[in-house]
Amino acid sequence: MGATLKDATAIAGIGQTPFARQLPESERTLACRAIVAALDDAGIAPSEVDAFASYTMEETDEVEIAKAIGAGDVTHFSKVGYGGGGSCATVAHLAAAIATGQAHVGVAWRSRKRGSGPRPWKNTRVQLPTSGQWTRPFGLLRPADEIGMLARRYMHEYGATRDHFFNVALACRNRANQNPAAIMYDRPLTREMYMTARWISDPLCLFDNCLETDGALACVVVSAERARDCRQRPVYVHSAAQGLPAQHHGMVNYWNDDPLTGPAWTAARHLWKGADLGPQDVDVAQIYDAFTPLIPLSLEGYGFCGRGEGAAFTEGGALEIGGRLPLNTGGGGLSEAYVHGFNLITEGVRQLRGTSTAQVPDAATCLVTAGEGVPTSALLLRS
């Protein structure tokens with residue numbers, strides 16, 4: 001896949017709605033607004049759209065979206081599973097379809113009213129899928145509980161501390177404080193605030209958890225040749241990958257020999273195999289941050305440091321602008337908005353256009369990752 005996909009397509013447009021804890025519009029209205037904004041950003045008419053990709057968890061669907069925006073005949077449509085693990089894969093599916101001639105103008109989107117809507121785990125009818133039978137009876141009811149258990153094991157085996165998780169939370173909050181669109185724009189975070197915050201699921205406190213957000217985002221994918229004629233500077237899809245490890249078991253990864261070697265490791269091997277670049281060439285990263293411990297685990301999985309070194313990697317301002325690997329420069333899921341990671345894609349595009357509110361100087365390559373802990377996906381973008 002990587003050899004044929006390499007730089008064949010580009011993200012030509014991005015769009016989003018405002019983010020808030022509660023927005024009055026429906027998810028379909030929000031989706032349409034984000035999609036139309038992305039098409040306008042690219043300078044492409046809705047009637048040219050012939051491909052859609054989104055999440056299986058998306059409550060809107062391509063039939064209604066296509067009618068509402070005025071799309072033409074659609075020749076490709078797909079949905080990707082596993083919540084936040086599907087974000088980058090939506091773009092990858094469109095890129096593959098366009099590179100192989102199945103479509104010409106693709107739209108990926110995510111619209112979600114997570115802030116004003118119910119919490120998914122409250123739906124008791126779906127609380128015991130096969131995997132849940134091994135976790136929920138023992139108190140692992142929410143994603144925070146499952147990641148909390150992995151975090152505790154990581155702390156036990158490799159000496160990670162809450163200070164390391166704070167480094168992650170602080171870097172994301174600092175970038176959100178530069179981003180007027182971020183929910184936490186005007187709310188700085190201090191170490192004292194973090195260390196005295198209420199527990200959500202030990203060892204995770206309030207600030208280790210992502211936001212609950214209403215909002216929608218979208219992007220437009222076209223061929224590299226077409227992108228050069230669009231309104232914005234093209235951001236090329238250099239490589240893309242999905243990852244589902246052998247014997248994987250949800251966020252807890254019970255059946256793996258090493259539960260801390262999650263889907264990121266599988267996705268990373270394929271991502272770098274299909275690229276002319278490596279971790280050392282990445283200027284800025286947008287790493288999925290539903291929970292702070294996912295960052296050190298992903299740093300290891302994608303090869304920025306060795307096994308067990310992810311926590312120490314966060315020290316000394318490494319994740320800040322000017323550090324070893326600036327990340328989540330819009331604030332991420334922890335401090336900008338949590339819309340299943342799609343805002344990490346749009347922020348990656350802004351970095352490579354040079355228009356981020358926390359711009360990394362001369363950024364030319366950006367890694368974007370989807371949810372670690374679940375079957376995942378990743379994009380390597382370049383300008």
Distance-minimising heavy-atom pair for Val360 and Asp283: CG1-O, 4.0 Å
Is it the case that Glu48 and His104 place a side-chain donor and acceptor less than 3.5 Å from each other? no
Is a side-chain donor-acceptor pair under 3.5 Å present for Thr369 with Gln286? no
Between Lys79 and Glu58, does at least one N-O distance fall below 4.0 Å, as a salt bridge requires? no
Locate the shortest heavy-atom distance separating Pro259 from Arg153; write the atom from each residue and the value. CG-NH1, 3.5 Å
Do we see a donor-acceptor contact under 3.5 Å between the side chains of Glu225 and Ser223? no
Could you pull out the closest heavy-atom pair between Ala96 and Leu5, with the gap in Å? N-CD1, 3.8 Å
Has Arg142 got a side-chain atom pairing as donor or acceptor with Ile200's backbone, closer than 3.5 angstrom? yes
Report, as yes or no, whether the 6.0 Å neighbourhood of atom CG on Asp186 holds more than 12 heavy atoms from other residues, nucleotides or ligands. yes
For the backbone of Ala103 and the side chain of Asp50, can you confirm whether one donor and one acceptor N or O come within less than 3.5 Å of each other? no
Just checking, Arg110 and Tyr55: is the charged tip under 6.0 Å from the six-membered ring centre and within 45° of the axis? yes
Whether Arg112 and Asp214 form a salt bridge (side-chain N of Lys/Arg under 4.0 Å from carboxylate O of Asp/Glu) is what I want to check. no
Hey, are Arg307 and Glu300 close enough for a salt bridge, meaning a charged N less than 4.0 Å from a carboxylate O? yes
Report yes or no: is the cationic atom of Arg324 (NZ for Lys, CZ for Arg) under 6.0 Å from the centre of the six-membered ring of Phe304, at an angle within 45° of the ring normal? no
Test item: Glu336 side-chain N/O and Ala176 main-chain N/O as donor-acceptor pair under 3.5 Å: no
Is the CD atom of Gln280 crowded by more than 12 outside heavy atoms at less than 6.0 Å? yes
Using modelled atom types only, decide if a donor and an acceptor are shared between the side chain of Arg231 and the backbone of Asp40 within a distance under 3.5 Å. yes
Checking the side chain of Thr376 only, and the main-chain atoms of Ala370 only, is there a donor and an acceptor separated by less than 3.5 Å? yes
Using ring centroids (six-membered ring only for Trp), state whether Phe342 and His340 fall under 6.0 Å. no
So do the side chains of Thr9 and Leu94 get within less than 4.5 Å of each other, counting heavy atoms only? no
Any donor-acceptor N/O pair, Lys113 side chain to Ser26 backbone, under 3.5 Å: no
Considering non-hydrogen atoms only, spot the tightest contact between Ser87 and Ser377 and give its length. N-OG, 4.1 Å
Under 3.5 Å, is there a donor-acceptor pair between the Gln178 and Thr357 side chains? no
What heavy-atom pair brings Ala151 and Leu204 nearest, and what distance separates the two atoms? CB-CD2, 4.3 Å
Please say whether more than 12 non-hydrogen atoms of neighbouring residues, nucleotides or ligands are located less than 6.0 Å from CZ in Phe77. no
Polar contact flag, side-chain donor to acceptor under 3.5 angstrom, His93-Thr90: no
Using only heavy-atom distances, determine whether the side chains of Trp109 and Thr60 contain a donor-acceptor pair under 3.5 Å. yes
Would a distance-only check, ignoring hydrogens and angles, find a side-chain to backbone donor-acceptor pair under 3.5 Å from Asp289 to Phe291? no
Short side-chain donor-acceptor distance under 3.5 Å, Asp208 and Tyr194: yes
With Arg33, the side-chain contact (heavy atoms from CB on, under 4.5 Å) member among Gln16, Arg28, Glu25: Glu25
Angle between ring planes, Tyr158 versus Tyr154, binned at 30° and 60°: parallel, tilted or perpendicular? tilted
Checking side-chain polar atoms at under 3.5 Å, does His248 have a donor or acceptor matched by the opposite partner on Asn253? yes
Ignoring hydrogens, what is the shortest heavy-atom contact between Leu211 and Thr213? Give both atom names and the distance. CB-OG1, 3.7 Å
Short question: side chain of Asn177, backbone of Met184 - any donor-acceptor pair under 3.5 Å? yes
Whether Glu372 side chain and Leu294 backbone form a donor-acceptor pair below 3.5 Å: no
Give a yes-or-no answer on whether the side chains of Glu62 and Ser54 include a donor-acceptor pair shorter than 3.5 Å. no
Donor-acceptor pair, Glu315 side chain versus His164 backbone, under 3.5 Å? no
N-O pairing of Arg353 and Asp41 below 4.0 Å: yes
Compute whether any side-chain donor of one residue and acceptor of the other, for Asp145 and Ser201, lie under 3.5 angstrom apart. yes
Whether the Glu347 and Ser356 side chains hold a donor-acceptor pair (N or O, under 3.5 Å, no angle test) is what I'd like checked. yes
